[in-house]
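To start, the structure itself, in structure tokens.
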Amino acid sequence: MRITLSVGELGVEVASIFEVFTVKLLSQMLPRKWEKIIFLLIFIFSSASGAFIGINIGTQMSSLPSAAEIVSILKTQRIKHVRLFDADHQMLNALANTGIEVLVGVPNDQLLRIGESQSEAAAWINKNVAAFVPATNITYIAVGNEVLTTIPNAALVLIPAMQFLHSALLAANLNFQVKVSSPQSMDMIPKHFPPSTASFNSSWNSIMNQYLQFLKNTGSSFMLNAQPYYVYTKGQGIFPLEYALFQPLKPNNQIVDPNTNFHYTSMFDAMIDAAYYSMRSLNFSGIPVIVTESGWPSLGGANESDASIDNALTYNSNLIHHVLNGSGTPSQPTISVSTYVLELFNEDLRPGPVSEKNWGIYVPNGTALYSLTFGRIAESNADSTGLVGVFCVANSSVDSNALKKGLDWACGPGSANCTAIQPGQACYEADNLVALTSYAFNDYYHRTQATGGTCNFGNTAMITTTDPSHGSCIFSGRVEHQHNRQHHNRFSLWTSRRCQ
């Protein structure tokens, strides 16, 4: 066995090893009546180890990269958890021996066949799970996707399908390694604010009772697709944009649950708590939530102005930081919520408005729209926000007077550090207004983005992933600059721990 441990991921890796070893050993040694105790011990140990960030990989695109190319991107980005919407064998083979944890999906169009036949469920497990483990680290099966709200006619076979698949895993001695659940839409909770009064759509109470009882019995998690973008855009200004993007709220704009007096600083947390309270309304507790989809589109149509690269970068960066710093929710402060970002690639074949096709971090040819850091990183100072590989630069086609106005504002009221573009300094170019303005815009953006700063400047600026650094003129966000800083921080953290 080859084990790779790194600072920040140590607890998660050790927990995973502990789970597999403990479960296999105890399941052979102890009678069945002890299984619930084993589940409880594993849950406590796993919860203490912290949450993870993963990525969704959709396939509704006209030009899908090869499985090898996708895995190469995952390795480069150090992504340790992926969700597949099916059980594509090429992807499962490509993910073998990478250590990446895989959530595979039973597509909605296969649900009826599996939910009506235990032998079909067993065949599915043998073909799509047992044939690939342990080389491919499959840890979850998502049975359908938002079944109750998208294909309600299949509701009656959802729970049987989950039960049949679990029985097949049990027969293959994989029931401890691979868990079974089914992602639910936030539409299942008609009114999710205030969270304390949230409950599931009562017409589905019978199904939800069976669903939650299954999760409780098998030690699985409640899968939730939580998309603040939809709630914000449909809310018509009820909630501020900052609330949806994890940004600080103004003192006179605080969001408070009047029944619990809990202060909610993000819509994401309110949605998670709504799920917890909805479960509680059916007398279930102790079932952890895992978010199977959350993200923000980077492009929208004429009436979708909130779908932008700026907002997508802000939301996903803040989401990753929120999850990896171990933040729970106001009602469950000690339970962090693992989350899969939607998504790795834009899917141009997805139906619906322009925004539906643009949730990806990459376009299918492998070009990044913006850059995210998926691992835990040390807290950064003003010129190191974690927005690695993303730059805010001046639009060279804009009138020079408008650029000059933006430059003066950035270096003045905007408080950008413009020392490097003064005469005699590394980034000074006397006859290049675009270069000078780009440096100022980028410095301002990296200093303020986490607290609401944008790359706009009166429509004179734009986001790019092309590094404008040159020679000794280094722009904030440069990959090597950030990597060296993070490496130093990690080394310092390691040495400080060794010396304690």
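Keep in mind it's a predicted model, so treat the numbers as computed, not measured. Position 1 is the first residue of the sequence, and the numbers go up from there.
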Under 3.5 Å, is there a donor on one side chain and an acceptor on the other for Thr454 and Asn456?
no

Ignoring hydrogens and geometry, is there a side-chain-to-backbone donor-acceptor pair from Ser182 to Val143 under 3.5 Å?
yes

Show the nearest heavy-atom pair for residues Ala87 and Leu92, with the distance to one decimal.
O-CD1, 3.7 Å

On a heavy-atom basis, which atom in Ile114 and which in Ala161 lie closest, and how many Å separate them?
CG2-CB, 4.1 Å

Return yes if some donor-acceptor pair links the side-chain N/O of Gln227 with the main-chain N/O of Gly295 below 3.5 Å, else return no.
yes

I'd like to know whether the aromatic ring centres of His192 and Tyr277 sit less than 6.0 Å apart in this structure.
no

Any heavy-atom pair between the side chains of Val231 and Met271 that's under 4.5 Å?
yes

Among all residues two or more places apart in sequence or in another chain, which pass the side chain to side chain contact (heavy atoms under 4.5 Å, CB included) test with Ser181?
Tyr140, Tyr211, Leu215, Ser220, Met223

With sequence neighbours excluded, give me every ring-ring contact (aromatic ring centres under 6.0 Å, His included) pair touching residues 324-354.
Phe52-Tyr340

Pairing residues for Ala154 by the side chain to side chain contact (heavy atoms under 4.5 Å, CB included) criterion, not counting sequence neighbours:
Leu111, Val147, Ile151, Val157

Salt bridge (charged side-chain N to carboxylate O under 4.0 Å, His left out) between Arg113 and Glu120: does it pass, once the steps are laid out?
CA-CA 7 Å; Arg113 177 167 53 86; Glu120 286 286 346; 2.8 Å; yes

Please work out which of the three classes, parallel, tilted or perpendicular, describes the rings of Phe193 and Phe239, given edges at 30° and 60°.
perpendicular

Is the closest side-chain donor-acceptor distance between Thr149 and Asp187 under 3.5 Å?
no

Under 3.5 Å, sequence neighbours excluded: what are the donor-acceptor pairs made by side chains of residues 68-75?
unit_1: Glu69; atom_1: OE1; unit_2: Ser66; atom_2: N; d: 2.9
unit_1: Glu69; atom_1: OE1; unit_2: Ser66; atom_2: OG; d: 3.3

On a heavy-atom basis, which atom in Glu242 and which in Pro248 lie closest, and how many Å separate them?
CB-O, 3.8 Å

Assess the residue pair Phe246 and His321 against the criterion (ring pair (Phe, Tyr, Trp, His ring centres under 6.0 Å)); give the C-alpha distance rounded to whole Å, side-chain angles, the decisive distance to 0.1 Å, and a yes or no.
CA-CA 10 Å; Phe246 294 92; His321 177 75; 9.6 Å; no

Say whether, by atom type as modelled, one donor and one acceptor occur between the side chain of Asp257 and the main chain of Phe262 under 3.5 angstrom.
no

Are any of the side-chain heavy atoms of Ile361 and Tyr370 separated by less than 4.5 Å?
yes

Identify, with sequence neighbours excluded, every residue that meets side chain to side chain donor-acceptor pair (under 3.5 Å) alongside Arg280.
none

Contact summary for Gln77 and Phe374, nearest pair of heavy atoms:
O-CB, 3.8 Å

Compare all side-chain heavy atoms of Met162 with those of Leu165 and state whether any distance is below 4.5 angstrom.
no

With no hydrogens and no angle check, is any side-chain donor or acceptor of Thr339 less than 3.5 Å from a backbone partner on Val337?
yes

Can you tell me how the ring of Tyr229 sits relative to the ring of Trp296, calling it parallel under 30°, perpendicular over 60° and tilted otherwise?
perpendicular

Flag side-chain contact, heavy atom, 4.5 Å: Pro330 against Asp273:
yes

Nearest non-hydrogen partners of Ala226 and Pro228, listed with the distance
O-CD, 3.4 Å

Decide whether Asn225 and Asn145 meet the rule of one side-chain donor and one side-chain acceptor closer than 3.5 Å.
yes

Okay, side chain of Asn365, backbone of Thr367: is any donor-acceptor separation there less than 3.5 Å?
yes

Quick check: does any side chain N or O of Asp310 sit under 3.5 Å from a backbone N or O of Cys455, one acting as donor and the other as acceptor?
yes

Glu343: salt bridge (charged side-chain N to carboxylate O under 4.0 Å, His left out) partners, not counting sequence neighbours:
Arg350

With a 4.5 Å heavy-atom cut-off, do Ile320 and Thr373 have their side chains touching?
no

Minimum heavy-atom distance Ala142-Leu103, with the two atoms named
CB-CD2, 3.5 Å

Would you confirm whether Lys357, through its side chain, and Gly300, through its main-chain N or O, come within 3.5 Å as a donor-acceptor pair?
no

